[in-house]
Amino acid sequence: MDKLQLTLSQGILTMTTGMGSYSYLMVSSMEKLEALESFVNQADHLWQQTLQQMSLILTTRQSAWGLLAFGEYLQRFRALSSLWAAHPHEPT
């Protein structure tokens with residue numbers, strides 16, 4: 001999402017300074033946005049299917065422990081992601 005925002009802001013900056021092709025930047029940005037939206041929708045659908053299958057396979061107690069473990073995993077992943085985002089990267 002950060003990468004998409006950066007691309008869009010660079011596109012707008014390029015547009016306002018008169019460099020580059022406006023239509024190419026907009027098409028490229030819209031394609032990236034549509035791909036991201038599709039990915040999020042697929043992930044949401046997969047998450048819903050997983051929860052439904054968990055309720056059929058696991059006991060209530062097992063499901064609760066699994067969800068707690070998953071929540072802890074997401075919390076650690078967010079912390080790692082924040083550290084990675086704050087880390088200076090070499091320009092490509």
Side-chain angles (χ1 to χ4, degrees):
M1 192 60 120
D2 292 338
K3 195 73 156 175
L4 179 62
Q5 288 176 342
L6 178 64
T7 302
L8 288 172
S9 63
Q10 287 174 343
I12 291 170
L13 179 64
T14 302
M15 267 183 348
T16 58
T17 58
M19 299 182 302
S21 168
Y22 166 74
S23 61
Y24 170 76
L25 291 172
M26 289 305 293
V27 168
S28 175
S29 297
M30 291 303 294
E31 287 173 352
K32 290 177 184 179
L33 186 59
E34 289 170 0
L36 180 61
E37 182 181 8
S38 174
F39 176 76
V40 169
N41 286 335
Q42 289 174 4
D44 185 50
H45 182 69
L46 182 60
W47 175 248
Q48 290 175 2
Q49 286 182 330
T50 301
L51 288 177
Q52 288 173 353
Q53 293 298 317
M54 277 179 54
S55 69
L56 298 174
I57 298 169
L58 303 175
T59 66
T60 302
R61 186 181 188 106
Q62 290 171 329
S63 295
W65 277 108
L67 290 173
L68 286 172
F70 187 68
E72 184 178 332
Y73 166 78
L74 287 178
Q75 186 177 20
R76 291 180 183 201
F77 185 73
R78 284 187 191 108
L80 180 62
S81 179
S82 295
L83 288 173
W84 180 256
H87 180 269
H89 300 286
E90 293 181 21
T92 56

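Between atom CD1 of residue Ile57 and atom CD of residue Gln52 there is a gap of 11.5 Å, rounded to the nearest 0.5 Å.
In the hydrophobic cluster analysis, where Ile, Leu, Val, Met, Phe, Trp and Tyr join through side-chain heavy atoms closer than 4.5 angstrom, Leu74 is grouped apart from Leu68.
Residue pairs meeting the salt bridge (charged side-chain N to carboxylate O under 4.0 Å, His left out) criterion with at least one partner in residues 70-83, sequence neighbours excluded, are Glu72-Arg76. Sorted by first then second residue, the salt bridge (charged side-chain N to carboxylate O under 4.0 Å, His left out) pairs that include residues 40-68, not counting sequence neighbours, number zero. Listed by first and then second residue, the ring-ring contact (aromatic ring centres under 6.0 Å, His included) pairs that reach into residues 36-66 are Trp47-Phe70, sequence neighbours excluded.
Applying the side chain to side chain contact (heavy atoms under 4.5 Å, CB included) test to Leu46 and every residue at least two apart in sequence or in another chain returns Gln49, Thr50. By the side chain to side chain contact (heavy atoms under 4.5 Å, CB included) test, Ser55 pairs with no residue at all, sequence neighbours left out. Listed by chain and number, the residues in a side chain to side chain contact (heavy atoms under 4.5 Å, CB included) with Leu56 are Gln53 (sequence neighbours excluded).
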